[in-house]
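One structure is given below, encoded as C-alpha cells.
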Protein chains: 2
Amino acid sequence: MPASLAAVLGTLDPTSDRAVFRQIADHLRDAIEEGRLGENEQIPSETMLTEHYGVARMTVRHAIQVLQSEGLVLAEHGRGVFVRPRPPVRRLASDRFARRHRQQGKAAFIAEAEQAGSRPEVDSIVIREERPSRDISSRLGGIRKVVARHRRYLLDGQPVEAAVSYIPLDIATGTPMAETDTGPGGIYARLEETGHALDHFDEEVRARMPMPDETRALRLAPGVPVFHLVRTAYDTSGRAVEVCDTIMAADAYVLAYNLPAR
Amino acid sequence: MPASLAAVLGTLDPTSDRAVFRQIADHLRDAIEEGRLGENEQIPSETMLTEHYGVARMTVRHAIQVLQSEGLVLAEHGRGVFVRPRPPVRRLASDRFARRHRQQGKAAFIAEAEQAGSRPEVDSIVIREERPSRDISSRLGGIRKVVARHRRYLLDGQPVEAAVSYIPLDIATGTPMAETDTGPGGIYARLEETGHALDHFDEEVRARMPMPDETRALRLAPGVPVFHLVRTAYDTSGRAVEVCDTIMAADAYVLAYNLPAR
DNA sequence: CAGTGGTCTAGACCACTGC
DNA sequence: CAGTGGTCTAGACCACTGT
C-alpha cells in the first residue's frame with residue numbers, strides 16, 4: 001500500500017452534491033481502474049479511511065459495500081479488503097458439442113479442461129426420476145416423467161458450474177444415461193448409439209444475480225452475476241431428447257457463438 | 001399490504017447464528033418468491049419493520065439493501081420500497097442478422113420492435129473517426145483508423161441497449177455508413193452493396209455488473225447485471241468488416257442461439 | 001403536512017487473522 | 001496480542017412524495 005493516501009485517493013469535495021460515501025467509493029473505484037491499487041492488493045483499512053477522510057466508520061463501510069456489490073473488491077474477515085483479481089476465463093465455443101469433439105471418448109467438460117491444463121472434477125452427482133417443471137416439460141414436448149442428472153463441475157478444486165440434465169424416461173431407462181457413469185463420450189454419445197442421432201441444440205442465455213443457494217454451491221463472491229443457460233438437444237427426427245439447465249459464475253466465462261448471415 | 005406483518009414475514013429466531021439483518025432479508029425474500037408480496041407491491045416501511053422486529057432502523061435498512069443488490073426490490077425516495085416487476089423480455093434469436101430479415105428495408109432493431117408492437121427509437125447518435133482500442137483493432141485485422149457509430153436504442157421511451165459499431169475507414173468513407181442516416185436496411189445492407197457480401201458473425205457474450213456510466217445511460221436499477229456483446233461481421237472473403245460492441249440490461253433480454261451437432 | 005427513504009454520526013461489542 | 005472486518009444501537013437531519 002502506498003505511503004500517502006491522498007496521492008492514491010484524493011480528498012473530498014465539500015461543495016459537491018454527491019454523497020460522501022459515493023465520493024469515497026468513486027475514489028477507490030478510480031484507483032482500482034487506473035491501477036494505483038492492483039489485483040489482490042489490500043485497500044486501505046476502515047480505520048485508515050475514516051482518519052483520512054474524517055468521517056464515521058459507517059460511512060466508510062457504506063462506500064466499501066458499494067464496491068463489493070459492483071464486484072470490484074472482496075472483504076476477508078480479520079484480514080482486510082482486497083482488489084478482486086479477474087479470474088481465468090473459460091471460453092465456450094458454439095461448436096463445443098460437435099460430434100468430432102466426442103470421438104476421443106471424453107465428455108466435453110473433461111476434454112476441454114485437460115486441454116487447457118486444468119484439473120477437472122465432477123461431484124454432487126444425483127440421478128433420479130422426477131416430474132419436470134412446466135417449463136422443462138414443454139421443452140421436451142409435454143413429457144411427464146424424466147431422468148434428472150444433477151452434477152457440479154470444478155476446475156482445480158473451484159466450483160464453476162452447476163447443471164441438471166433432463167432426459168425423457170423412455171429414452172434413458174435401461175441405458176447408462178440413468179447411471180452415475182455414462183461411459184465414454186457422455187450422454188450425447190449414448191443418445192446417438194440408441195437411435196437418437198443429434199441434429200442441433202437450441203441454447204437460451206440469461207444473466208441475473210444469484211439466488212442464495214447458488215451463491216453457496218458456486219462459492220460466488222458478492223457482486224458476481226450468473227449465466228443461466230437452458231440448452232435443448234434435438235435428434236434428426238426433430239424430437240427434443242434432452243434439456244440441460246446450467247448455472248455458471250459469469251466472471252469465469254465468455255460464451256462464443258457463430259451466427260449465420262444467410 | 002396485508003394487515004398482519006407476522007403472517008407475511010414471521011419472527012426472528014434469537015437462537016440462530018444467522019445475523020438479524022440476514023434473517024429479515026430472508027423473510028422478505030421468501031415473501032416475494034412465494035407471492036405473499038406481489039409485483040409492484042409496496043413492502044412494509046422501515047418504520048413498520050423496525051417496530052415489528054424490535055431492531056434499530058439501520059438493521060432494517062441493511063436487510064433492504066441486500067434485497068436491492070439482489071435486484072428483488074426497488075426503493076423510491078419518499079414513496080416506499082417496491083417489489084420489482086419482471087420486465088418484458090426481448091428474445092434475440094441467432095438468425096436476427098440473416099439477409100432475409102434485411103430485405104424489408106429496415107434495420108433489425110426497428111423491424112423487430114414494430115413487429116412486437118413497441119415504439120422503437122434510436123438516439124444519442126454520434127459518428128466520428130476514432131483510433132480503435134487494441135482489442136477492437138485486433139478483431140478488425142490490426143487496422144488503425146475506424147468510423148465509430150455510437151447510438152442508444154429505446155423501446156417505448158425506455159433505454160434498453162447502448163452500442164458502438166466500428167468500421168474500417170477504407171470501407172466506410174464516402175458511404176452512408178459514415179452518415180447519421182445509413183438508409184434502408186442499415187449498415188449491413190450498405191456493406192453488401194459495396195462488395196462486402198456477409199458470410200457470418202462471431203458473437204462473444206459476457207455478463208457483469210454495470211459501470212456507473214452504464215447505469216446512467218440505461219437507467220439501470222440496482223442489482224441488474226448487463227450483457228456485454230462483441231459481434232464481428234465477416235465478408236465472404238474472410239475479412240472482418242465491422243465490430244459491434246453492445247451493452248444491454250440483462251433483465252430485458254434472453255439470447256437464443258442455435259448450435260450445430262455435426 | 002405526515003410519511004417515506006437517504007445520509008451520517010459516535011459509539012458498542014463481537015469474530016476472525018496473523019504475529 | 002493488535003488489527004482487521006461484521007453486526008448493531010439510538011439517535012440526528014435531510015430530501016422527496018402525496019394529500
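Protein chains get the first letters and strands the later ones, always in sequence-line order, with residue 1 at the start of each. As the structure is a prediction and not an experimental result, all values here were calculated from the model.
- Dashed line: the shortest gap from a side-chain N or O of Thr47(B) to OP1 or OP2 of dG3(C) is not under 4.0 Å.
- Pro159(A) places none of its side-chain heavy atoms less than 4.5 Å from the side chain of Asp123(A).
- The aromatic ring of His77(B) stacks onto the base of dA15(D), its centre lying under 5.5 Å from the centre of the six-membered base ring with the two planes under 30° apart.
- If you take CZ of Arg57(A) and C1' of dT7(C), they are 18 Å apart, rounded to a whole angstrom.
- One finds a side-chain N or O of Ser45(B) lying less than 4.0 angstrom from the OP1 or OP2 phosphate oxygen of dT4(C).
- Between Glu46(B) atom CD and dA10(D) atom C1' the separation is 15 Å, expressed in whole Å.
- Nearest-nucleotide mapping onto DNA chain C: of Gly78(A) and Gln68(B), the residue sitting toward the 5' end is Gln68(B).
- Of the candidates Asn40(B), Leu72(B), Val224(B), Val224(B) is the only one forming a side-chain contact (heavy atoms from CB on, under 4.5 Å) with Arg84(B).
- In this entry the distance linking CG of Asp17(A) with P of dG6(C) reads 17 Å, nearest Å.
- Remark: C1' of dG5(D) and CD1 of Ile64(A) are 9 Å apart, rounded to the nearest angstrom.
- Nucleic acid contact for Arg22(B): sugar-phosphate only, since backbone atoms but no base atoms lie under 4.0 Å from a heavy atom of the residue.
- When the P atom of dT9(D) is taken as reference, atom OH of Tyr53(B) falls 14 Å away, rounded to whole Å.
- Rounded to whole Å, the distance from CZ on Arg61(B) to P on dG5(C) is 8 Å.
- Atom CG in Leu74(B) sits about 14 Å away from atom C1' in dG6(C), given to the nearest Å.
- Using the Watson-Crick or G-U wobble rule with both distances under 3.5 Å, dT17(C) pairs with dA2(D).
- Map Val81(A) and Met58(A) each onto its nearest nucleotide of DNA chain D; the residue landing nearer the 5' end is Val81(A).
- The base-pairing partner of dT7(C), taking Watson-Crick or G-U wobble contacts with both distances under 3.5 Å, is dA12(D).
- For the 3.5 Å distance criterion, the side chains of Tyr253(A) and Glu161(A) qualify, holding a donor opposite an acceptor.
- Using a 4.0 Å cut-off between charged nitrogen and carboxylate oxygen, Glu204(B) and Arg206(B) count as a salt-bridge pair.
- Residues Arg151(B) and Ser165(B) have side chains that bring a donor and an acceptor to within less than 3.5 angstrom of each other.
- When the side-chain nitrogen and oxygen atoms of Arg79(B) are compared with OP1 and OP2 of dG18(D), one or more of them lie within a distance under 4.0 Å.
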